[in-house]
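The block underneath contains the structure these notes are about, expressed in structure tokens.
For ligands, and for the atoms within them, numbers begin at 1 and follow the listed sequence.
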Amino acid sequence: MTNFINERAAAIDHAHRNGVIVVGSITADVTTFSSRLPQRGETILGDDVTLVLGGKGANQAVAAARAEARVQLVGCVGTDAFQTLVLDGLRDDSVGIDHLRLVTGATGVAHIRVDDTGENDIVIVPKANFLLSSEQVTTAVNELAPTSAVMLAQLEVPADVVFDALQLGRAAGLITVLDPAPAPVTALADEVWASVDIVTPNETEATSITGISVTDVDSAIDAGRWFLERGTSAALITLASAGAVLVTSEGSVTFAAFPVTAVDTTAAGDAFAGYLGAGLARGESLHTSVSAAMAAGALAVTRRGASPSLPYRAEVDQLSANALSASAASAKSEEPAPNQNEARA
Ligand code: ADP
């Protein structure tokens, strides 16, 4: 299936324009582990605590960098004790930080509590992230677009700044990808969608944005069409262990998930977005990029934590190769292939 995305990608000289610009949030993730979550008003003793780089913007930037893309993250960090933690985390993964702005005050924080069954609750305090400005984004896009191919954005920073970034990115010839997470509490302006090449909601986000209850492939296709009618070139609805559905003006394609044993589903969507962006930036087709993104999402759920669970390219290539040989073996024995994609008109 060729489509508008592949046409736009073909217009990019990937030898010179292969970078990924991520516009998004950065947090310090403070995670406590306890046998159970406390009741309201209760204090309990926990068993462990971790402190790592997080935030959807940072996670997607790290995922794209682990996919071996050249990445620049546009975001804001505070001047508090968490500043060093998040900057070191980004540097360790070779994420470019030329367009991070230091703002007086606190860095964003995600406070996560996890119990023995993996159940969790999360409070995110955006702090510095809400100070991301359109001026900052404009400077970054002007400087980076000539050597970049893809922009990744999410909704943990102000929606109007995200909108400006997508418009600017689109005008500069970038392939724009919006992960509309977390689901917006107020409806996004309808004109946002025309600046989005690929929207990548999960079931919950697709349901909340479109009003169509996404529970299976057919309802995901309906939701995908909702986005296309509003101007996106493609909608890629992720369905966790049920895979993903790609909807374009040519029709829809269902991708089966890679079979894995999930232990912690956090950051699957971020691994997915980072690998999707990295693949497209390298000049790979939309289908190849989606397949790698799905392998990355599958690997992320086999490990605990958010940024620590983001896989490296060699691991993603290995899982993809294993699935291919498993599917060749099962095709020989005339069994259904585990990762066969099903095209639908
Ligand atoms: P989010 O983390 O945004 O909710 P999803 O849970 O839909 O996103 O995961 C994104 C992608 O990661 C899925 O489309 C799928 O390819 C992969 N994935 C997620 N969970 C699993 C799982 N349990 N088994 C295999 N692949 C998974």
Subject >> Partner residues of S289 under the side-chain contact (heavy atoms from CB on, under 4.5 Å) criterion, sequence neighbours left out >> reply: L276, L280, E284
Original post:
Who are the side-chain contact (heavy atoms from CB on, under 4.5 Å) partners of R101, not counting sequence neighbours?
Top reply: C76, V103, L131, S133, Q136
May I have the N/O to N/O pairs between ligand 1 and the protein that fall below 3.5 Å, each with atom names and distance to one decimal?
unit_1	atom_1	unit_2	atom_2	d
ligand 1	2 (O)	G269	N	2.9
ligand 1	4 (O)	N202	ND2	2.8
ligand 1	7 (O)	T238	OG1	2.8
ligand 1	7 (O)	A240	N	2.9
ligand 1	14 (O)	G243	O	3.0

**OP:** Using the salt bridge (charged side-chain N to carboxylate O under 4.0 Å, His left out) rule, take D121 and R113 through it: C-alpha gap first, then chi angles, then the decisive distance, then the call.
**Re:** CA-CA 6 Å; D121 57 23; R113 306 187 301 186; 2.7 Å; yes
Original post:
Listed by chain and number, what are the ring-ring contact (aromatic ring centres under 6.0 Å, His included) partners of F272, not counting sequence neighbours?
Top reply: none
**OP:** Please indicate whether H16 has more than 12 foreign heavy atoms, meaning atoms of other residues, nucleotides or ligands, lying under 6.0 Å from its NE2.
**Re:** no
Original post:
So does R8 pair up with D197, basic N to acidic O under 4.0 Å?
Top reply: yes
